[in-house]
Protein chains: 2
Amino acid sequence: MKGVTKLKYKKIPEATIRRLSRYSRCLEEMEEKGEKVVSSALLAKKCVVNAAQVRKDLAYFGEFGIRGVGYYVEDLLNNIKKILGSNKEWRMAVIGVGNLGSALLSYKDFLKQNYKIVAAFDIDPPRVIGRVSEKLGKPAEVLHINRVREVAKERKIDIGLITTPPSEAQGVANLLVEAGVRGILNFAPAQVTVPVGFVVKDVFFSTILDNLAYLLSTETGYFIDKK
Amino acid sequence: MKGVTKLKYKKIPEATIRRLSRYSRCLEEMEEKGEKVVSSALLAKKCVVNAAQVRKDLAYFGEFGIRGVGYYVEDLLNNIKKILGSNKEWRMAVIGVGNLGSALLSYKDFLKQNYKIVAAFDIDPPRVIGRVSEKLGKPAEVLHINRVREVAKERKIDIGLITTPPSEAQGVANLLVEAGVRGILNFAPAQVTVPVGFVVKDVFFSTILDNLAYLLSTETGYFIDKK
DNA sequence: GGATGTGAAGTCGTTCACAGCT
DNA sequence: AGCTGTGAACGACTTCACATCC
(Lines give C-alpha, C1' and ligand atoms only; values in the text may rest on other atoms or scores of the structure.)
Protein backbone atom coordinates (compact mmCIF):
# COMPACT_ATOMS: atom_id res chain seq x y z
CA MET A 1 0.00 0.00 0.00
CA LYS A 2 1.43 3.32 -0.98
CA GLY A 3 0.43 6.91 -1.64
CA VAL A 4 -2.74 8.21 -0.10
CA THR A 5 -5.13 5.93 1.69
CA LYS A 6 -8.74 6.94 1.62
CA LEU A 7 -10.54 6.63 4.89
CA LYS A 8 -14.25 6.93 5.27
CA TYR A 9 -14.73 10.34 3.53
CA LYS A 10 -14.14 11.08 -0.08
CA LYS A 11 -11.69 13.75 -0.94
CA ILE A 12 -13.15 17.21 -1.35
CA PRO A 13 -11.32 19.59 -3.69
CA GLU A 14 -9.83 22.51 -1.85
CA ALA A 15 -11.37 24.80 -4.45
CA THR A 16 -14.78 23.54 -3.37
CA ILE A 17 -14.10 24.61 0.20
CA ARG A 18 -12.97 28.04 -0.92
CA ARG A 19 -16.15 28.44 -2.94
CA LEU A 20 -18.26 27.31 0.00
CA SER A 21 -16.79 30.20 1.93
CA ARG A 22 -17.73 32.47 -0.94
CA TYR A 23 -21.30 31.14 -1.07
CA SER A 24 -21.50 31.68 2.65
CA ARG A 25 -20.64 35.34 2.24
CA CYS A 26 -23.19 35.85 -0.54
CA LEU A 27 -25.90 34.04 1.38
CA GLU A 28 -25.28 36.26 4.40
CA GLU A 29 -25.89 39.29 2.22
CA MET A 30 -29.08 37.76 0.86
CA GLU A 31 -30.29 36.89 4.30
CA GLU A 32 -29.77 40.49 5.40
CA LYS A 33 -31.81 41.64 2.44
CA GLY A 34 -34.56 39.30 3.55
CA GLU A 35 -34.39 37.01 0.53
CA LYS A 36 -35.85 33.60 1.33
CA VAL A 37 -35.06 31.40 -1.65
CA VAL A 38 -32.20 31.26 -4.13
CA SER A 39 -31.51 29.14 -7.21
CA SER A 40 -28.12 27.73 -8.07
CA ALA A 41 -28.17 29.98 -11.14
CA LEU A 42 -28.62 33.15 -9.09
CA LEU A 43 -26.13 32.21 -6.41
CA ALA A 44 -23.66 31.28 -9.13
CA LYS A 45 -24.09 34.65 -10.79
CA LYS A 46 -23.49 36.51 -7.53
CA CYS A 47 -20.38 34.46 -6.82
CA VAL A 48 -19.10 34.54 -10.41
CA VAL A 49 -19.03 30.79 -10.89
CA ASN A 50 -20.86 28.17 -12.93
CA ALA A 51 -24.30 27.06 -11.74
CA ALA A 52 -23.49 23.37 -12.13
CA GLN A 53 -20.44 24.02 -10.01
CA VAL A 54 -22.60 25.30 -7.19
CA ARG A 55 -24.75 22.20 -7.31
CA LYS A 56 -21.75 19.86 -7.51
CA ASP A 57 -20.03 21.58 -4.60
CA LEU A 58 -23.11 21.18 -2.44
CA ALA A 59 -23.70 17.62 -3.61
CA TYR A 60 -20.46 16.54 -1.94
CA PHE A 61 -22.16 17.08 1.38
CA GLY A 62 -25.82 16.25 0.86
CA GLU A 63 -29.03 17.38 -0.77
CA PHE A 64 -29.92 20.84 0.40
CA GLY A 65 -32.25 22.01 -2.35
CA ILE A 66 -35.78 21.42 -3.53
CA ARG A 67 -36.23 20.55 -7.20
CA GLY A 68 -38.24 23.07 -9.11
CA VAL A 69 -37.73 25.60 -6.33
CA GLY A 70 -34.13 26.18 -5.26
CA TYR A 71 -32.51 26.53 -1.85
CA TYR A 72 -33.84 28.17 1.29
CA VAL A 73 -31.29 30.88 2.03
CA GLU A 74 -31.22 30.55 5.80
CA ASP A 75 -31.20 26.78 5.71
CA LEU A 76 -28.42 26.58 3.14
CA LEU A 77 -26.32 29.13 5.00
CA ASN A 78 -26.59 27.16 8.22
CA ASN A 79 -25.66 23.98 6.45
CA ILE A 80 -22.62 25.53 4.82
CA LYS A 81 -21.46 27.00 8.11
CA LYS A 82 -21.82 23.60 9.69
CA ILE A 83 -19.79 22.02 6.89
CA LEU A 84 -17.02 24.59 7.15
CA GLY A 85 -17.00 24.59 10.91
CA SER A 86 -17.38 28.35 10.78
CA ASN A 87 -20.33 28.22 13.15
CA LYS A 88 -17.91 27.43 15.98
CA GLU A 89 -15.60 29.80 17.80
CA TRP A 90 -11.95 29.36 16.93
CA ARG A 91 -9.29 30.55 19.34
CA MET A 92 -6.00 31.76 17.94
CA ALA A 93 -2.56 32.81 19.13
CA VAL A 94 -0.02 35.03 17.42
CA ILE A 95 3.55 33.83 17.64
CA GLY A 96 6.11 36.49 16.83
CA VAL A 97 5.13 40.04 17.71
CA GLY A 98 7.14 41.84 15.07
CA ASN A 99 5.69 43.97 12.31
CA LEU A 100 3.04 41.68 11.01
CA GLY A 101 2.30 40.10 14.37
CA SER A 102 1.55 43.39 16.05
CA ALA A 103 -0.48 44.47 13.02
CA LEU A 104 -2.69 41.43 13.48
CA LEU A 105 -2.91 42.07 17.21
CA SER A 106 -3.67 45.75 16.98
CA TYR A 107 -6.22 45.27 14.28
CA LYS A 108 -7.72 41.99 15.22
CA ASP A 109 -11.21 43.26 14.61
CA PHE A 110 -10.83 42.83 10.89
CA LEU A 111 -11.21 39.14 11.56
CA LYS A 112 -14.66 37.65 11.53
CA GLN A 113 -16.53 37.31 14.82
CA ASN A 114 -15.87 33.64 15.34
CA TYR A 115 -12.10 33.87 14.97
CA LYS A 116 -10.54 35.32 18.11
CA ILE A 117 -6.95 36.10 18.96
CA VAL A 118 -6.57 35.15 22.63
CA ALA A 119 -2.81 35.12 23.15
CA ALA A 120 0.45 36.55 21.84
CA PHE A 121 3.95 35.14 22.21
CA ASP A 122 7.42 36.36 21.44
CA ILE A 123 10.95 35.27 22.22
CA ASP A 124 11.56 38.63 23.91
CA PRO A 125 8.30 40.01 25.40
CA PRO A 126 9.85 43.01 27.21
CA ARG A 127 11.23 44.27 23.93
CA VAL A 128 7.87 44.32 22.17
CA ILE A 129 5.41 44.82 24.96
CA GLY A 130 5.64 48.61 25.01
CA ARG A 131 5.27 48.90 21.29
CA VAL A 132 2.12 46.82 21.26
CA SER A 133 0.57 48.41 24.33
CA GLU A 134 0.91 51.82 22.82
CA LYS A 135 -1.21 50.76 19.89
CA LEU A 136 -3.80 48.91 21.87
CA GLY A 137 -4.02 51.78 24.34
CA LYS A 138 -3.64 49.49 27.31
CA PRO A 139 -0.89 47.27 28.69
CA ALA A 140 -0.69 44.34 26.31
CA GLU A 141 0.14 40.88 27.41
CA VAL A 142 2.89 39.30 25.38
CA LEU A 143 4.09 36.03 26.80
CA HIS A 144 7.42 34.35 26.44
CA ILE A 145 7.41 31.72 23.77
CA ASN A 146 8.44 29.02 26.20
CA ARG A 147 4.99 29.25 27.73
CA VAL A 148 3.22 28.21 24.52
CA ARG A 149 2.61 24.69 25.69
CA GLU A 150 1.15 25.64 29.04
CA VAL A 151 -0.96 28.53 27.76
CA ALA A 152 -2.23 26.68 24.68
CA LYS A 153 -3.89 24.18 26.99
CA GLU A 154 -5.16 26.80 29.41
CA ARG A 155 -6.73 29.01 26.76
CA LYS A 156 -7.78 26.20 24.46
CA ILE A 157 -5.93 27.50 21.44
CA ASP A 158 -6.96 25.90 18.16
CA ILE A 159 -4.89 27.86 15.66
CA GLY A 160 -1.42 29.42 15.75
CA LEU A 161 -0.46 32.32 13.50
CA ILE A 162 3.25 32.20 12.70
CA THR A 163 4.51 35.74 12.20
CA THR A 164 8.17 35.22 13.04
CA PRO A 165 11.05 35.60 10.60
CA PRO A 166 11.14 32.69 8.14
CA SER A 167 14.17 31.12 9.79
CA GLU A 168 12.15 30.50 12.96
CA ALA A 169 9.00 29.22 11.27
CA GLN A 170 9.71 25.50 11.47
CA GLY A 171 10.82 25.74 15.10
CA VAL A 172 7.65 27.55 16.06
CA ALA A 173 5.58 25.03 14.14
CA ASN A 174 7.25 22.24 16.10
CA LEU A 175 6.40 24.05 19.34
CA LEU A 176 2.77 24.39 18.30
CA VAL A 177 2.57 20.74 17.34
CA GLU A 178 4.04 19.76 20.68
CA ALA A 179 1.44 21.95 22.38
CA GLY A 180 -1.33 20.19 20.50
CA VAL A 181 -2.31 23.21 18.41
CA ARG A 182 -3.66 21.48 15.31
CA GLY A 183 -4.07 24.42 12.94
CA ILE A 184 -1.35 26.76 11.70
CA LEU A 185 -1.60 29.85 9.58
CA ASN A 186 1.91 30.50 8.35
CA PHE A 187 2.75 34.07 7.33
CA ALA A 188 6.51 33.47 7.36
CA PRO A 189 7.68 32.76 3.82
CA ALA A 190 9.24 29.37 4.49
CA GLN A 191 8.03 25.85 3.86
CA VAL A 192 6.89 24.27 7.11
CA THR A 193 5.98 20.64 7.63
CA VAL A 194 3.88 19.07 10.37
CA PRO A 195 2.78 15.52 11.25
CA VAL A 196 -0.43 13.94 9.99
CA GLY A 197 -3.43 15.32 11.84
CA PHE A 198 -2.05 18.85 11.83
CA VAL A 199 -2.78 21.44 9.17
CA VAL A 200 -0.75 24.33 7.77
CA LYS A 201 -2.05 27.03 5.46
CA ASP A 202 0.42 29.51 4.01
CA VAL A 203 -0.30 33.19 3.54
CA PHE A 204 2.69 34.59 1.70
CA PHE A 205 2.24 38.18 0.62
CA SER A 206 5.33 37.94 -1.51
CA THR A 207 3.84 35.06 -3.50
CA ILE A 208 0.59 36.91 -4.09
CA LEU A 209 2.42 40.03 -5.18
CA ASP A 210 4.74 38.04 -7.47
CA ASN A 211 1.63 36.55 -9.00
CA LEU A 212 0.16 39.97 -9.64
CA ALA A 213 3.49 41.21 -11.00
CA TYR A 214 3.56 38.29 -13.42
CA LEU A 215 0.07 38.99 -14.69
CA LEU A 216 0.87 42.66 -15.13
CA SER A 217 4.12 41.88 -16.91
CA THR A 218 2.62 39.63 -19.57
CA GLU A 219 0.93 42.44 -21.42
CA THR A 220 -0.72 40.30 -24.05
CA GLY A 221 -2.96 37.91 -22.23
CA TYR A 222 -6.37 36.64 -23.05
CA PHE A 223 -9.51 38.24 -24.27
CA ILE A 224 -12.56 36.88 -22.59
CA ASP A 225 -15.49 37.21 -24.99
CA LYS A 226 -18.51 38.41 -23.13
CA LYS A 227 -21.28 35.84 -23.01
CA MET B 1 -16.40 32.78 -31.63
CA LYS B 2 -17.10 32.32 -27.96
CA GLY B 3 -15.36 31.55 -24.71
CA VAL B 4 -11.70 32.28 -24.35
CA THR B 5 -9.58 33.23 -27.33
CA LYS B 6 -5.94 32.36 -27.12
CA LEU B 7 -3.59 35.06 -28.29
CA LYS B 8 0.07 34.56 -28.93
CA TYR B 9 1.07 33.01 -25.55
CA LYS B 10 -0.03 29.70 -24.23
CA LYS B 11 -1.86 29.66 -20.99
CA ILE B 12 0.28 29.14 -17.92
CA PRO B 13 -1.36 27.49 -14.91
CA GLU B 14 -1.62 29.82 -11.97
CA ALA B 15 -0.19 27.07 -9.81
CA THR B 16 2.96 27.19 -11.92
CA ILE B 17 3.37 30.89 -11.19
CA ARG B 18 2.93 30.29 -7.48
CA ARG B 19 5.58 27.58 -7.58
CA LEU B 20 7.93 29.84 -9.50
CA SER B 21 7.70 32.26 -6.60
CA ARG B 22 8.52 29.39 -4.28
CA TYR B 23 11.51 28.29 -6.37
CA SER B 24 12.66 31.87 -6.34
CA ARG B 25 12.67 31.92 -2.55
CA CYS B 26 14.58 28.64 -2.31
CA LEU B 27 17.11 29.72 -4.89
CA GLU B 28 17.76 32.92 -2.97
CA GLU B 29 18.59 30.85 0.08
CA MET B 30 20.91 28.65 -1.95
CA GLU B 31 22.62 31.63 -3.48
CA GLU B 32 23.27 33.04 -0.01
CA LYS B 33 24.81 29.74 0.99
CA GLY B 34 27.06 29.98 -2.03
CA GLU B 35 25.65 26.95 -3.84
CA LYS B 36 26.37 27.16 -7.54
CA VAL B 37 24.41 24.33 -9.17
CA VAL B 38 21.14 22.63 -8.36
CA SER B 39 19.27 19.71 -9.89
CA SER B 40 15.52 19.62 -10.39
CA ALA B 41 15.43 16.79 -7.87
CA LEU B 42 17.11 18.83 -5.14
CA LEU B 43 15.12 21.99 -5.81
CA ALA B 44 11.95 19.92 -5.82
CA LYS B 45 12.84 18.41 -2.47
CA LYS B 46 13.47 21.83 -0.91
CA CYS B 47 10.18 23.14 -2.26
CA VAL B 48 8.20 20.00 -1.46
CA VAL B 49 7.08 19.33 -5.02
CA ASN B 50 7.69 16.73 -7.73
CA ALA B 51 10.93 16.96 -9.75
CA ALA B 52 9.14 16.57 -13.07
CA GLN B 53 6.90 19.41 -11.99
CA VAL B 54 9.90 21.68 -11.57
CA ARG B 55 11.12 20.85 -15.06
CA LYS B 56 7.67 21.25 -16.60
CA ASP B 57 7.14 24.59 -14.91
CA LEU B 58 10.43 25.90 -16.24
CA ALA B 59 9.83 24.40 -19.69
CA TYR B 60 6.89 26.75 -20.18
CA PHE B 61 9.37 29.58 -20.44
CA GLY B 62 12.50 28.14 -22.02
CA GLU B 63 15.45 25.84 -21.45
CA PHE B 64 17.41 26.97 -18.45
CA GLY B 65 19.29 23.83 -17.50
CA ILE B 66 22.19 21.76 -18.75
CA ARG B 67 21.57 18.05 -19.29
CA GLY B 68 23.69 15.87 -17.11
CA VAL B 69 24.45 18.81 -14.84
CA GLY B 70 21.45 20.76 -13.58
CA TYR B 71 20.76 24.49 -13.28
CA TYR B 72 23.11 27.30 -12.34
CA VAL B 73 21.54 28.80 -9.24
CA GLU B 74 22.25 32.45 -10.00
CA ASP B 75 21.28 32.13 -13.62
CA LEU B 76 18.03 30.32 -12.88
CA LEU B 77 17.10 32.79 -10.17
CA ASN B 78 17.59 35.72 -12.52
CA ASN B 79 15.52 34.04 -15.19
CA ILE B 80 12.67 33.31 -12.79
CA LYS B 81 12.68 36.87 -11.52
CA LYS B 82 12.53 38.10 -15.08
CA ILE B 83 9.60 35.79 -15.80
CA LEU B 84 7.68 36.89 -12.74
CA GLY B 85 8.49 40.54 -13.21
CA SER B 86 9.75 40.54 -9.64
CA ASN B 87 13.03 42.12 -10.73
CA LYS B 88 11.19 45.39 -11.30
CA GLU B 89 10.00 47.88 -8.71
CA TRP B 90 6.23 47.89 -8.23
CA ARG B 91 4.56 50.97 -6.79
CA MET B 92 1.45 50.51 -4.72
CA ALA B 93 -1.28 52.58 -3.09
CA VAL B 94 -3.51 51.70 -0.16
CA ILE B 95 -7.14 52.72 -0.54
CA GLY B 96 -9.07 52.73 2.70
CA VAL B 97 -7.07 53.60 5.81
CA GLY B 98 -9.11 51.67 8.34
CA ASN B 99 -7.81 48.79 10.42
CA LEU B 100 -6.18 46.71 7.78
CA GLY B 101 -5.12 49.69 5.66
CA SER B 102 -3.22 51.34 8.46
CA ALA B 103 -1.72 48.00 9.42
CA LEU B 104 -0.28 47.68 5.94
CA LEU B 105 0.92 51.27 6.05
CA SER B 106 2.50 51.10 9.46
CA TYR B 107 4.17 47.84 8.75
CA LYS B 108 4.98 48.13 5.12
CA ASP B 109 8.45 46.81 5.65
CA PHE B 110 7.18 43.26 5.82
CA LEU B 111 6.75 43.54 2.07
CA LYS B 112 9.65 42.57 -0.14
CA GLN B 113 12.04 45.25 -1.31
CA ASN B 114 10.65 45.69 -4.76
CA TYR B 115 7.06 46.28 -3.66
CA LYS B 116 6.63 49.80 -2.28
CA ILE B 117 3.63 51.58 -0.85
CA VAL B 118 3.86 55.13 -2.16
CA ALA B 119 0.41 56.57 -1.42
CA ALA B 120 -2.61 56.21 0.86
CA PHE B 121 -6.16 57.32 0.23
CA ASP B 122 -9.32 57.52 2.29
CA ILE B 123 -12.74 59.05 1.93
CA ASP B 124 -12.13 61.06 5.10
CA PRO B 125 -8.41 61.78 5.51
CA PRO B 126 -8.71 64.12 8.54
CA ARG B 127 -10.43 61.40 10.48
CA VAL B 128 -7.64 58.87 9.98
CA ILE B 129 -4.57 61.00 9.59
CA GLY B 130 -3.88 61.38 13.29
CA ARG B 131 -4.27 57.72 13.96
CA VAL B 132 -1.81 56.78 11.26
CA SER B 133 0.73 59.47 12.11
CA GLU B 134 0.88 58.31 15.67
CA LYS B 135 1.95 54.87 14.51
CA LEU B 136 4.42 56.03 11.93
CA GLY B 137 5.88 58.54 14.33
CA LYS B 138 5.63 61.34 11.81
CA PRO B 139 2.82 63.21 10.08
CA ALA B 140 1.38 60.77 7.59
CA GLU B 141 -0.02 61.81 4.29
CA VAL B 142 -3.46 60.42 3.64
CA LEU B 143 -5.07 61.85 0.54
CA HIS B 144 -8.73 62.19 -0.28
CA ILE B 145 -9.96 59.43 -2.49
CA ASN B 146 -11.06 61.84 -5.19
CA ARG B 147 -7.40 62.49 -5.91
CA VAL B 148 -6.69 58.90 -6.91
CA ARG B 149 -6.73 59.62 -10.61
CA GLU B 150 -4.36 62.57 -10.44
CA VAL B 151 -1.94 61.02 -7.95
CA ALA B 152 -1.88 57.61 -9.63
CA LYS B 153 -0.42 59.25 -12.72
CA GLU B 154 1.95 61.45 -10.77
CA ARG B 155 3.40 58.67 -8.65
CA LYS B 156 3.20 55.98 -11.31
CA ILE B 157 1.11 53.62 -9.24
CA ASP B 158 0.95 50.08 -10.60
CA ILE B 159 -1.06 48.31 -7.95
CA GLY B 160 -3.93 49.35 -5.68
CA LEU B 161 -4.63 47.63 -2.38
CA ILE B 162 -8.33 47.75 -1.56
CA THR B 163 -8.75 47.81 2.20
CA THR B 164 -12.15 49.49 2.42
CA PRO B 165 -15.32 47.88 3.75
CA PRO B 166 -16.67 45.31 1.28
CA SER B 167 -19.55 47.54 0.22
CA GLU B 168 -17.09 50.05 -1.24
CA ALA B 169 -14.81 47.58 -2.97
CA GLN B 170 -16.37 47.68 -6.44
CA GLY B 171 -16.54 51.47 -6.41
CA VAL B 172 -12.90 51.76 -5.49
CA ALA B 173 -11.99 49.21 -8.16
CA ASN B 174 -13.81 51.34 -10.73
CA LEU B 175 -11.86 54.37 -9.58
CA LEU B 176 -8.58 52.51 -9.92
CA VAL B 177 -9.50 51.26 -13.37
CA GLU B 178 -10.38 54.78 -14.42
CA ALA B 179 -7.03 55.95 -13.09
CA GLY B 180 -5.26 53.32 -15.17
CA VAL B 181 -4.05 51.26 -12.21
CA ARG B 182 -3.89 47.82 -13.79
CA GLY B 183 -3.30 45.63 -10.74
CA ILE B 184 -5.55 45.27 -7.74
CA LEU B 185 -5.02 43.39 -4.52
CA ASN B 186 -8.43 43.11 -2.94
CA PHE B 187 -8.57 42.56 0.82
CA ALA B 188 -12.26 43.47 1.08
CA PRO B 189 -14.34 40.29 1.11
CA ALA B 190 -16.50 41.08 -1.90
CA GLN B 191 -16.36 39.94 -5.49
CA VAL B 192 -14.95 42.67 -7.68
CA THR B 193 -14.88 42.71 -11.47
CA VAL B 194 -12.69 44.74 -13.81
CA PRO B 195 -12.34 45.07 -17.59
CA VAL B 196 -10.00 42.97 -19.69
CA GLY B 197 -6.42 44.11 -19.27
CA PHE B 198 -6.83 44.68 -15.53
CA VAL B 199 -6.09 42.11 -12.86
CA VAL B 200 -7.59 41.46 -9.44
CA LYS B 201 -6.22 39.10 -6.82
CA ASP B 202 -8.25 38.46 -3.70
CA VAL B 203 -6.75 38.09 -0.24
CA PHE B 204 -9.64 37.13 2.00
CA PHE B 205 -8.57 36.23 5.52
CA SER B 206 -12.02 34.92 6.24
CA THR B 207 -11.77 32.43 3.38
CA ILE B 208 -8.40 31.20 4.51
CA LEU B 209 -9.60 30.81 8.08
CA ASP B 210 -12.79 29.05 6.96
CA ASN B 211 -10.58 26.70 5.02
CA LEU B 212 -8.49 25.95 8.08
CA ALA B 213 -11.63 25.54 10.17
CA TYR B 214 -12.96 23.03 7.68
CA LEU B 215 -9.78 20.97 7.75
CA LEU B 216 -9.72 21.00 11.54
CA SER B 217 -13.40 20.04 11.73
CA THR B 218 -13.11 16.94 9.59
CA GLU B 219 -11.22 14.97 12.18
CA THR B 220 -10.94 11.85 10.10
CA GLY B 221 -9.05 12.86 7.04
CA TYR B 222 -6.36 11.08 5.18
CA PHE B 223 -3.31 9.25 6.22
CA ILE B 224 -0.43 9.97 3.94
CA ASP B 225 1.82 6.94 3.87
CA LYS B 226 5.39 8.00 4.01
CA LYS B 227 7.29 7.24 0.85
C1' DG C 1 -42.70 24.11 -15.68
C1' DG C 2 -38.67 24.59 -13.45
C1' DA C 3 -34.65 23.77 -10.72
C1' DT C 4 -32.03 20.17 -8.51
C1' DG C 5 -28.79 16.23 -8.52
C1' DT C 6 -25.66 13.50 -11.27
C1' DG C 7 -23.40 10.40 -14.88
C1' DA C 8 -20.68 11.38 -18.76
C1' DA C 9 -17.75 14.32 -21.41
C1' DG C 10 -14.43 17.67 -21.51
C1' DT C 11 -10.65 20.41 -19.89
C1' DC C 12 -6.76 21.24 -17.30
C1' DG C 13 -2.82 20.11 -14.44
C1' DT C 14 0.39 16.55 -12.65
C1' DT C 15 3.27 12.55 -12.91
C1' DC C 16 5.57 9.03 -15.45
C1' DA C 17 9.03 7.31 -18.27
C1' DC C 18 12.37 7.77 -21.50
C1' DA C 19 14.71 9.97 -25.47
C1' DG C 20 18.17 13.32 -26.06
C1' DC C 21 22.20 16.07 -24.60
C1' DT C 22 26.42 17.11 -22.18
C1' DA D 1 26.60 8.18 -16.43
C1' DG D 2 23.52 11.69 -15.26
C1' DC D 3 20.06 15.10 -15.56
C1' DT D 4 17.21 17.79 -18.49
C1' DG D 5 13.22 18.33 -21.58
C1' DT D 6 8.91 16.35 -23.17
C1' DG D 7 5.22 13.23 -25.27
C1' DA D 8 2.01 10.28 -23.30
C1' DA D 9 -0.62 8.43 -19.42
C1' DC D 10 -2.95 9.60 -15.62
C1' DG D 11 -5.77 11.93 -12.37
C1' DA D 12 -8.51 15.77 -10.81
C1' DC D 13 -11.66 19.36 -11.37
C1' DT D 14 -15.22 21.63 -14.24
C1' DT D 15 -18.92 21.84 -17.40
C1' DC D 16 -22.54 19.80 -19.96
C1' DA D 17 -26.83 17.70 -20.50
C1' DC D 18 -30.56 15.42 -18.92
C1' DA D 19 -33.25 12.33 -15.88
C1' DT D 20 -35.54 13.19 -11.67
C1' DC D 21 -38.48 15.14 -8.59
C1' DC D 22 -41.24 19.11 -6.43
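Naming: A, B, ... by sequence-line order, numbering from 1 per chain. What you are looking at is a predicted structure, and each value in this text was computed from that prediction instead of being measured.
- Partners of B/Arg25 according to the salt bridge (Lys or Arg N to Asp or Glu O under 4.0 Å) rule, which considers only residues two or more places apart in sequence or in another chain, do not exist here.
- Residues satisfying the side-chain hydrogen bond (donor to acceptor under 3.5 Å, both in side chains) criterion with B/Asp158, sequence neighbours excluded, are absent altogether.
- Partners of B/Lys81 under the salt bridge (Lys or Arg N to Asp or Glu O under 4.0 Å) rule, at least two apart in sequence or in another chain, are B/Glu28.
- Within residues 60-73 of chain B, the residues having any heavy atom under 4.0 Å from DNA chain D are, by residue number, B/Glu63, B/Phe64, B/Gly65, B/Ile66, B/Arg67, B/Gly68, B/Val69, B/Gly70, B/Tyr71.
- Applying the salt bridge (Lys or Arg N to Asp or Glu O under 4.0 Å) criterion to A/Arg55, with sequence neighbours excluded, gives no partner residue.
- Legend: residues meeting side-chain hydrogen bond (donor to acceptor under 3.5 Å, both in side chains) with B/Arg18, ordered by chain and number and at least two apart, are B/Glu14.
- Rounded to an integer number of Å, the gap from CD of A/Gln53 to P of C/dA9 is 19 Å.
- Evaluation of the side-chain hydrogen bond (donor to acceptor under 3.5 Å, both in side chains) rule for B/Glu178 yields B/Arg149 as partners, not counting sequence neighbours.
- Atom CG of B/Leu58 is separated from atom P of C/dG13 by 17 Å (rounded to the nearest Å).
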Can you give me every donor-acceptor pair (side chain of residues 68-79 of chain B, partner residue at least two apart or in another chain, under 3.5 Å) with its distance?
residue : atom : partner : partner atom : Å
B/Asn78 : ND2  : B/Glu74 : O            : 3.4
B/Asn79 : ND2  : B/Asp75 : O            : 3.1

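- The heavy-atom pair separating B/Leu104 from B/Ile117 by the smallest distance is O-CD1, 3.8 Å.
- Within residues 39-52 of chain A, the residues that place at least one heavy atom under 4.0 Å from DNA chain C are, in residue-number order, A/Ser39, A/Ser40.
- Partners of B/Arg155 by side-chain hydrogen bond (donor to acceptor under 3.5 Å, both in side chains), not counting sequence neighbours, listed by chain and number: B/Glu141.
- With sequence neighbours excluded, no residue forms a salt bridge (Lys or Arg N to Asp or Glu O under 4.0 Å) with A/Lys45.
- Taking atom NZ of B/Lys56 as the reference point, atom C1' of C/dT15 lies 8 Å away to the nearest angstrom.
- Contacts between residues 13-24 of chain A and DNA chain D, defined by a heavy-atom separation under 4.0 Å, are made by A/Pro13, A/Ala15, A/Arg19.
- Taking atom CZ of B/Arg55 as the reference point, atom P of C/dA19 lies 15 Å away to the nearest angstrom.
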